[in-house]
Amino acid sequence: MTAEIEVFRDLDELSHRAAERFVEAAEETVAARRPFYAALSGGSTPRTMFSLLATTDFALRFPWNSTHFFQVDERTVPPDHPDSNYRMIREAMLDRAPLPPENFHRMRAESPDLESAAHDYAHEIAERMHPLGGAFPRFDLIQLGLGTNGHTASLFPGTAALDETKRWVVPNHVPEMHTWRLTLTYPVINAAREVIFLVDGEGKADVLRRVVYPESPEDRFPAQGVAPREGQLRWYLTESAARLLPKRS
Ligand code: 6PG
């Protein structure tokens, strides 16, 4: 399936479209009599979309009781730390949405034992999603961002997690940031029914062009490893982020 690219005037328009897509995907899933399983990234770009989901008409349409949210990745900080992805999602959405508390599955990346935290999170995914046999869990929707170095999730350039082909969740040492992260791996991301990148800002324009339209051997980035095997890949971009992309006819 070829990736779909949509460009929006600004972050507000992008966020409205992304919230609409979340509601559509959830409605489609629940109409097929399945719970809606989605994995959410952190950072700052998705904050507006999360807030719209929780506080506008979207909230009235969204099937909160049939939804389970998981995290794509988490920093190794407490859940109330300013850098916590969970804290951002909680403040933007969970504190204002009628999602049953047990339906948000938090990565416990504050644990001193990250290997156990990764194992426990994979077990929590398995307990909830019951993938058949040795299959990877198939999320209905995974929302990703793009870092200026071409990372996505906590899959950073040159890090060990890029080579993971079996485990669902791993600790990942990020030397450039002198830190560890917990992250979903490529096999899980690429098993999803749908993956949506949200990318905003002038600062992302160069890396976005090199990720989506590579021109040289140097144009190799972790975000390029996202290629859902049997799923739809979408890029929701603001004009500022998309300004270096070839003009499409
Ligand atoms: C994180 C995120 C990360 C994020 C990118 C882009 O933990 O930081 O999960 O992968 O999506 O860094 O972040 P922005 O969208 O805020 O630029």
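Indexing begins at 1, ligand by ligand and atom by atom, following the structure's order.
Ion pairing between a basic and an acidic side chain is recognised when a charged N comes within 4.0 Å of a carboxylate O; R61 and E20 show such pairing.
R21 pairs with exactly one of E4, E6, E27, E28 by the salt bridge (Lys or Arg N to Asp or Glu O under 4.0 Å) rule, that one being E28. When Y37, W64, F50, Y86 are each tested for a ring pair (Phe, Tyr, Trp, His ring centres under 6.0 Å) with F104, only one passes: Y86.
Around ligand 1, the residues contributing at least one heavy atom under 4.0 Å from the ligand are S41, G42, G43, S44, T45, D73, R75, N85, G145, L146, H151, T152, A153, R181, K204.
Aromatic ring orientation, F62 versus F36: perpendicular (interplanar angle above 60°, classes split at 30° and 60°). Ring pair H105/F70 is parallel by interplanar angle, where below 30° counts as parallel and above 60° as perpendicular.
In terms of the side-chain hydrogen bond (donor to acceptor under 3.5 Å, both in side chains) criterion, E239 has no residue partners (sequence neighbours excluded).
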